[in-house]
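Naming: A, B, ... by sequence-line order, numbering from 1 per chain.
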There are 2 protein chains.
Amino acid sequence: MRTKATLKHISQSLNLSISTVSRALKNHPDISDQTKQKVMELASLMEYEPNTHAINLRTNKSKTFGVIVPVISNYFYHSFIAALEEDARRLGYALIILQSSDDPQIELENLRICRMNRVAGVFVSITANTKDIKPFLKLDEVDIPVIFFDKVPDFEACNKICLADTEAATMAALTIIRKQKKKVLAIFGNEEMSISKKRKQAFLSVIESQSSSMEVISEHADNADDAFMLTLKYGAKTGFIDTIFSMSDEILTGVMRAIQKLKKNVPNEIGIISICNNNFIPRMYDPEISFVETSGADLGKLAIKRMMDHMSGKTFVQELTLPSRLVEGGSL
Amino acid sequence: MRTKATLKHISQSLNLSISTVSRALKNHPDISDQTKQKVMELASLMEYEPNTHAINLRTNKSKTFGVIVPVISNYFYHSFIAALEEDARRLGYALIILQSSDDPQIELENLRICRMNRVAGVFVSITANTKDIKPFLKLDEVDIPVIFFDKVPDFEACNKICLADTEAATMAALTIIRKQKKKVLAIFGNEEMSISKKRKQAFLSVIESQSSSMEVISEHADNADDAFMLTLKYGAKTGFIDTIFSMSDEILTGVMRAIQKLKKNVPNEIGIISICNNNFIPRMYDPEISFVETSGADLGKLAIKRMMDHMSGKTFVQELTLPSRLVEGGSL
DNA sequence: GATGTTTGCGAAATTGTTTGCAAAAGGATA
DNA sequence: TATCCTTTTGCAAACAATTTCGCAAACATC
């Protein structure tokens with residue numbers, strides 16, 4: 001194994017001091033042009049590359065962001081991560097990805113990894129069971145900004161980037177009202193999750209206040225299979241429901257499998273509308289599913305923008321919300 | 001901002017030398033039990049955490065793997081990454097994720113990031129246009145092992161972890177023959193990609209050698225929309241084809257959208273079989289789609305195992321192949 | 001000729017951890 | 001008391017890059 005070139009090697013070869021070489025490579029005005037040229041030539045010949053570890057040690061910072069998510073394999077998070085990575089690389093940062101597997105213990109361990117690596121900042125979507133957010137706030141104390149996204153803590157004063165849960169559910173409800181539907185099956189996610197609560201609350205209150213004639217059956221599904229069963233149960237009787245609202249991509253997949261099993265015609269026999277991360281799942285069916293978009297990719301871009309703002313001194317805490325938009329597909 | 005505790009701080013507080021503190025924390029036999037206890041107590045009190053950058057500089061290694069993929073947002077890669085992350089964390093390694101966006105230039109830049117970070121190893125799936133793999137081999141020279149996975153270079157002597165492309169396509173073909181189908185539309189991916197070539201070659205040669213009565217229409221689709229159009233084209237005429245074979249998840253989504261549009265009954269009017277990454281997409285339809293599994297998650301586990309073997313001295317180069325298996329879903 | 005300014009560069013400190021070697025301290029034995 | 005261990009600890013170098021301080025010498029100004 002050939003060892004990598006260092007400033008020292010270059011300086012010895014040229015009979016210069018290390019500092020001179022360093023400055024020459026940075027085009028520092030202190031150094032004469034001839035010296036600069038000599039140094040640069042030799043550096044590229046020796047394939048010199050600065051040692052990140054040495055720089056990190058010296059500056060006590062690294063050009064790296066930590067990203068902690070419950071799971072990577074989820075259409076929302078991976079599009080978030082992909083968008084984040086693109087912008088981060090453009091800005092000269094790399095991403096360390098850590099999964100908590102929805103386990104607060106592992107989450108804590110991941111925070112430790114971020115601290116030890118002195119990352120420049122952390123993006124985190126907390127687990128469903130994270131109670132104590134003090135460990136997160138502690139990072140701020142050692143000058144590592146923390147941006148919460150998607151699943152954010154309830155009360156504390158911290159930086160949050162959220163989807164417009166209320167707005168998205170409201171949009172979906174209004175669309176259903178506009179289409180003059182009368183009997184809706186609304187399927188929400190796990191009853192404990194705050195995102196389910198928010199969306200349910202918004203959805204139902206819109207229906208209640210804006211439409212007197214509509215009936216809503218509201219149910220919860222923990223996964224696609226639950227949604228499949230619920231759809232079968234209510235959809236089996238002809239004409240019992242005329243619309244299904246799904247709160248997420250995952251629920252939508254269960255609903256649509258049941259719709260196919262029941263051989264229901266969409267949108268004539270039954271209308272479908274969902275809240276989705278992007279057009280990936282909605283475009284897998286015919287007709288394409290109408291949905292309210294809450295984009296993971298857009299959230300990623302918003303998150304890194306907030307991070308850069310924060311690092312450049314705009315340190316005030318705030319909660320940002322990503323607007324959503326309706327994409328009509330023909331299923332309602 | 002409170003500064004983080006260092007060995008120096010601890011040593012000064014206790015009137016010991018830095019080296020004594022260092023060794024005490026590592027439970028080195030040289031240090032007396034009382035000293036060890038004193039040190040450990042203070043260390044935990046001061047919330048001491050070793051500085052990764054200093055360790056990295058000292059050892060010229062980091063407990064980090066680099067992962068370079070064309071895109072993250074892809075059902076194959078993100079399940080690969082998720083599996084890799086789980087095992088890596090268990091072994092004390094973090095993951096730096098880099099997307100090449102299928103651009104060889106960015107890929108090169110990402111390699112540079114890996115070198116500069118002196119990662120412990122690199123997992124890479126090359127872009128469709130990567131011609132020159134010398135830069136990858138160069139990493140090996142500076143003692144950074146490189147494991148190619150999924151999209152691997154053709155010829156060179158390097159570590160490769162591949163899906164069993166030939167086997168998977170063969171399995172699918174044999175299944176179709178077993179079901180005594182007569183007229184098959186086979187849709188493969190982009191014509192230039194080696195994975196398409198391999199699967200096509202295997203599929204066709206099995207059909208040719210094992211079945212005299214079967215007719216195959218072979219087509220290429222660059223994306224889901226292409227597959228949608230092809231399926232519409234050939235599926236419109238009743239009874240013209242009795243089976244569709246899809247080479248990938250993405251193609252399958254296009255095929256199924258068309259099937260729904262044509263209101264074809266699966267499997268009675270038309271049979272479907274696909275090669276898929278996991279059961280995610282196949283389970284979105286009813287009946288569930290029969291598929292040959294080429295699991296990204298399993299490939300991730302295999303890749304990290306190979307990496308660890310390589311790092312512990314089993315340095316011989318080899319090509320490993322992940323076996324595939326048939327999952328019957330009811331669509332054929 | 002004295003003083004100030006600029007140019008070009010080097011020495012040394014800094015960052016936190018590890019480690020080989022030296023050495024001190026203490027006890028036991030001759 | 002001298003010698004020899006053993007146990008325990010400290011010194012100093014090494015890792016690579018950056019940065020501060022400041023030295024000289026050249027040059028300009030009065």
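At a cut-off of 3.5 angstrom, counting only N and O atoms as typed in the model, there is a donor on one side and an acceptor on the other between the side-chain of Arg23(A) and the base of dG10(C).
Note on Gln34(A): nothing from the nucleic acid sits closer than 4.0 angstrom, heavy atoms only. Among the protein residues, Asn15(B) comes within range of the sugar-phosphate backbone only, with heavy atoms under 4.0 Å from sugar or phosphate atoms but none that close to a base. Among the atoms of the strands shown, only primed sugar atoms or phosphate atoms (P, OP1, OP2) are found under 4.0 Å from some heavy atom of Ser32(B). Using a 4.0 Å heavy-atom cutoff across all strands shown, Ile18(A) reaches at least one base atom of the nucleic acid. Heavy atoms of Thr6(A) sit under 4.0 angstrom from primed sugar atoms or phosphate atoms, though from no base atom. Residue contacts for Lys36(A): at a heavy-atom cut-off of 4.0 Å it reaches no nucleic acid atom on any strand shown.
With rounding to whole Å, Asn60(A) atom CG is found 14 Å from dT17(C) atom C1'. Between His9(A) atom NE2 and dA16(D) atom C1' there is a gap of 10 Å when expressed in whole angstrom units. Per the geometry, CG belonging to Leu16(A) stands 16 Å off P belonging to dT18(D), to the nearest Å. One can place CD1 of Ile10(B) at 14 Å from P of dG10(D), the figure rounded to the nearest angstrom. Between the P atom of dT17(C) and the CD atom of Gln12(B) lies a distance of 13 Å, rounded to the nearest Å. Atom pair Lys8(A):NZ and dG10(C):P shows a separation of 16 Å (rounding to whole Å applied). Computed from coordinates, the Met46(B) CE to dG16(C) P distance equals 12 Å when rounded to whole Å. Summarising the geometry, the separation between NZ on Lys61(A) and P on dT15(C) is reported as 16 Å, rounded to the nearest angstrom.
Comparing Thr35(B) and Leu7(A) by the nucleotide of DNA chain D that holds the closest heavy atom to each, the one mapping nearer the 5' end is Thr35(B). Take the nearest nucleotide of DNA chain D for Ile31(B) and for Ser22(A): the residue whose nucleotide is more 5' is Ile31(B).
The pair Glu109(B)-Arg112(B) counts as a salt bridge, with a side-chain nitrogen and a carboxylate oxygen less than 4.0 angstrom apart. With respect to the salt-bridge test (charged N to carboxylate O, under 4.0 angstrom), the residues Asp298(A) and Lys301(A) do not qualify. A salt bridge between Glu47(B) and Lys138(A) is present, with a side-chain N of the basic residue lying under 4.0 Å from a carboxylate O of the acidic one. For the pair Glu49(A) and Arg115(B), the salt-bridge criterion is met [side-chain N within less than 4.0 Å of a carboxylate O].
Using a 4.0 Å cut-off, no side-chain N or O of Ser19(B) falls inside it from OP1 or OP2 of dT9(D). A sub-4.0 Å separation between OP1 or OP2 of dA17(D) and a side-chain N or O of Tyr48(A) is present. The phosphate of dG10(C) has OP1 or OP2 within less than 4.0 Å of a side-chain N or O from Ser17(A).
Defined by atom type and a distance below 3.5 Å, a donor-acceptor pair is missing between the side-chain atoms of Thr64(A) and Tyr93(A). With no hydrogens or angles considered, a side-chain donor-acceptor pair links Asn277(B) and Ser79(B) at under 3.5 Å.
The aromatic ring centroids of Tyr75(B) and Tyr75(A) lie 6.0 Å or more from each other.
Legend: ring-ring contact (aromatic ring centres under 6.0 Å, His included) pairs involving residues 97-120 of chain A, not counting sequence neighbours: none detected.
Within residues 51-59 of chain A, the residues approached by DNA chain D to less than 4.0 Å at the level of any non-hydrogen atom are Asn51(A), Ala54(A), Ile55(A), Arg58(A), in residue-number order.
Set against dA17(D), dT9(D), dG10(C), the side chain of Asp30(B) has dT9(D) as its closest nucleotide.
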